[in-house]
Amino acid sequence: MDKLYDFLSEKLKSLGPVHVGSGISAEYMLLAFFPLAFVALVRGLENVTVSVLAILVTAMVAFSAPLVLKVARENSDHYNVASFYIAIAMGLILMIMIGGLY
Amino acid sequence: MIIEFVLMAVIIITTILALMQRDLMKMVVIIGIEGLGLAFLYQRLLAADVAITQAILGSALIPGLIIITVLKTRRMQE
Amino acid sequence: MNSELIPLMVVFPLISAIILNVLHGKDKAVRYYGTLAMLVIIAIPLLTVYGNHLFGAHSEISTSPQTGIQIPVIDLAIEYTFSFLQRVLVIILAVIATFAVLIHSGEKKASGSYLSMIMLSIAAVSAVVMANDIFNMFVFLEIAAISQAAIIITMGRPDAYKAAFKYLMYGGVAGASILIGIALLLGTFGVLNITDLHNAMAGQMSNPIVLTAIGLLLIGWLFESGLFPFHTIKSNLYSSAKPDVGALLQTETKIVLIAISIVLIRLFGGFSNMSAVMLGLSLITLVFGGIMALVQKDFRRLVAFAAVSQAGLVGLSMGLGTEAGVSAGIFHAVNDALAMSLIFITIYVLYDRAKTTEFSKLGGLLTKAPTLAFLQIIGILAVSGIPPFNAYQSEYRIIDAAFSSGYPELGVIVILGTILTFVALMKGFYLTFLKENVTITAKDRIFMTNKIPRATMLALVILVIVCIGIGVYPSPFYDRISDAAMLIVGGW
Amino acid sequence: MSGDAVQLWSFVTAGLLVVIGLYAIIFMDNMIKKIVGAMLIGDGANLILITEGFKPGSIVPIISEKLFNEGTNGLFQSFADQASNSLPYALVLTNIVIGASTLAVLLGIAIKLYQRYNSLSVNEIFKEESQ
């Protein structure tokens, strides 16, 4: 945990327009959120598979840290960024509605 | 019967043409044709009252507003 | 029963909007008329009796002779419903709007057209809440979008223009999406009244046209309530407004979110895919809104993202679709609108004095403005769900609803999101009031006194009292919301 | 038969208008073209509603005074059977007005943004936000 903290604070200091403390807490939140969201997404599967996959997701998020700068960039106020996600979400919603979830 | 299909073709072609123009004034004129075609199509689809409104708005008022904007900004797309 | 005062709730703000627009330039008249009109707007929903109002002649029609389709009752008129839920939502909207109008009247120059746009948005949102007619709802949603954009435009700054441009652009897309959804429903069932649609739709859930309509209406719902793909647009809208109107805008968003969710649940409540989409996108909004709030460097933008994140929480609760979920969602929307308004108004005081809300130019203001700091910390605690305040009651109920409807992981994420909001808001509080900012030179030091203008102080005190009051005695309020939720969900 | 074909292709036209409008809103760089795209989406939605009210082989749903006065003796009934559905037309009238007002506000914003940034390109105007 300490090593992760050092690593993250170094990276955030070198990279970003973000306060280091808030960046690190956001990073930990992402680390907690992605496995949980993943579990919520694949809740139809059996327990063992879901837990193995959740651990894999956690590892992926941990190794691709720091994600918070990417998240901040993808949520910026630029028109085209918003357009991109709106187009994807519209397509996805219509697909889920007409085609079903699984 | 053939008039409706011609109108539909006109609407789609003018729309695409308008968005392809680099000169915004030309775009406005073509958008006006599109609005008018839409009005005629409404008339053919038995919506007479809507057609009147659309003819005024689509072929005169909206192009007029866009022309004012183009005059106040720049004519050629950068 | 034809309740006669119901249309006044929409008509009076509309008339006031016109009058205020005419009065523009006459400072004193605008101030007096604005304040007076707001008092009337609060009084009307208190005086109106519960019931329905039909605009139009026919209240009922028999079966169609040609096709023989039998639908129980067709109201060939626009119908407005007014019951406890509508009364609560309209009054809360009116109260927060009154604060915005009072605060604006207390400033040096009172603009008539600005107040007129506020009135227009009040009328539109009240109509959205009360309309039992899906097309009427659409019309007033569009009017609300235009008037909200106009409120932003009056700020007159380029970033405000950009926010308004994005908002109206995607407002057009979302509006067309809702309209096409309505068109598909109208073509399939031939009615626009929501109660009739609900009756006509029984057993039609697998119809692909209806499924497309649900998807299109959901896109509109996402835009109007500022959920995931639209969350940056909505937060940009809040943060480029003046913070006192930001309070009004976020209240309107939450009320519209509740209104459209209720319509969706009444129409398609039995459809599990819709619930999945609502839950998923609200969840993303909750977490990403919180994370974006955490990394902001401007207090207004921070609070804007926190407000969006809380809207995600409300949407999540509505998306559960159960009675507990819906009642907790409505309860949380009300509580959160009040508590968030408290924070927004304290930031307005800050902005009014300092002319900036960037953290790099603030710091160490606790000794200069202890009252403001105290009020703001109450707002922060209330939003984050700390026990004596109101949002605790509703957040606890949301988590309870998530657990009891079989989504324990959602309950955990809600707790995470709440912590995230708390951390983000406390960061803002710390950087503004506690931390000494050494980089500011003596020349740039902000002139700050402890004196808060009277109108603002009144608004803050009322909000604090209401927050604590609901937090301590939630049951008289919550029970009646729960009854309303039972009626909404009960059809399925 | 051919009336049905008109209705079908009219729906297709409306769908194409919406798609072209979405393309313009998402991919075009010029602000005025984006605004025109928003207008096209509204037009597509209107056309869907109009086509829905259209019944192949029917008559215009505008009633003459004479027909209305004779309403009781059968003629009114035959009119009601023949006329196309006029409810969607009423909705379209409302939406046309809303669309026009939104368009006007958007064009006003475009002028203001041009005065500030001296450009109509969205990439140019939103450059500061991209970090």
Looking only at heavy atoms and a cut-off of under 4.5 Å, which of [options] has the most pairs with chain B?
{"options": "D:Ile50, D:Val92, D:Ile32, D:Ile20", "value": "D:Ile50"}
{"options": "D:Val97, D:Ile111, D:Asn118", "value": "D:Ile111"}
{"options": "D:Leu17, D:Thr51, D:Val12", "value": "D:Leu17"}
{"options": "D:Ala90, D:Pro56, D:Ser119", "value": "D:Ser119"}

Please check this pair: side chain of D:Lys33 against backbone of B:Gln21, looking for a donor-acceptor N/O pair closer than 3.5 Å. yes

Select one option (side chain, backbone, both, neither) describing which atoms of [X] are under 4.5 Å from chain D's heavy atoms.
{"X": "B:Leu65", "answer": "both"}
{"X": "B:Leu19", "answer": "both"}
{"X": "B:Leu24", "answer": "side chain"}
{"X": "B:Ile66", "answer": "both"}
{"X": "B:Ala18", "answer": "backbone"}
{"X": "B:Leu41", "answer": "side chain"}
{"X": "B:Met27", "answer": "side chain"}

Quick check on the interface: out of B:Thr53, B:Leu61, B:Val50, who has the most heavy-atom pairs with chain D under 4.5 Å? B:Val50

Just so I know, are the side chains of [X] and [Y] near enough to count as touching, which here means a heavy-atom distance under 4.5 Å?
{"X": "B:Thr15", "Y": "D:Asp43", "value": "no"}
{"X": "D:Met39", "Y": "B:Ile31", "value": "yes"}
{"X": "D:Thr13", "Y": "B:Leu7", "value": "no"}
{"X": "D:Leu16", "Y": "B:Ile11", "value": "no"}
{"X": "B:Thr69", "Y": "D:Tyr114", "value": "no"}

Region of D:Ile35 that comes under 4.5 Å of a non-hydrogen atom in chain B: neither

Strictly less than 4.5 Å between heavy atoms, which residues of residues 21-30 of chain D line up against chain B? Please order them by number. D:Ala24, D:Met28, D:Asn30

Look up atom [atom1] in [X] and atom [atom2] in [Y], then write down how far apart they are to the nearest 0.5 Å.
{"X": "D:Ile96", "Y": "B:Leu38", "atom1": "CD1", "atom2": "CG", "value": "8.0 Å"}
{"X": "B:Lys72", "Y": "D:Leu107", "atom1": "NZ", "atom2": "CG", "value": "12.0 Å"}
{"X": "B:Arg74", "Y": "D:Leu120", "atom1": "CZ", "atom2": "CG", "value": "6.5 Å"}
{"X": "D:Leu49", "Y": "B:Leu45", "atom1": "CG", "atom2": "CG", "value": "12.0 Å"}

Would you sort out whether B:Glu34 and D:Leu40 count as a side chain to side chain contact (heavy atoms under 4.5 Å, CB included), showing the intermediate values? CA-CA 10 Å; B:Glu34 187 258 1; D:Leu40 292 178; 3.5 Å; yes

Atom CE of B:Met25 with >12 non-hydrogen neighbours under 6.0 angstrom: yes

Kindly give the heavy-atom pair with the smallest separation between B:Glu4 and D:Val6, and that separation in Å. CG-CG1, 3.9 Å

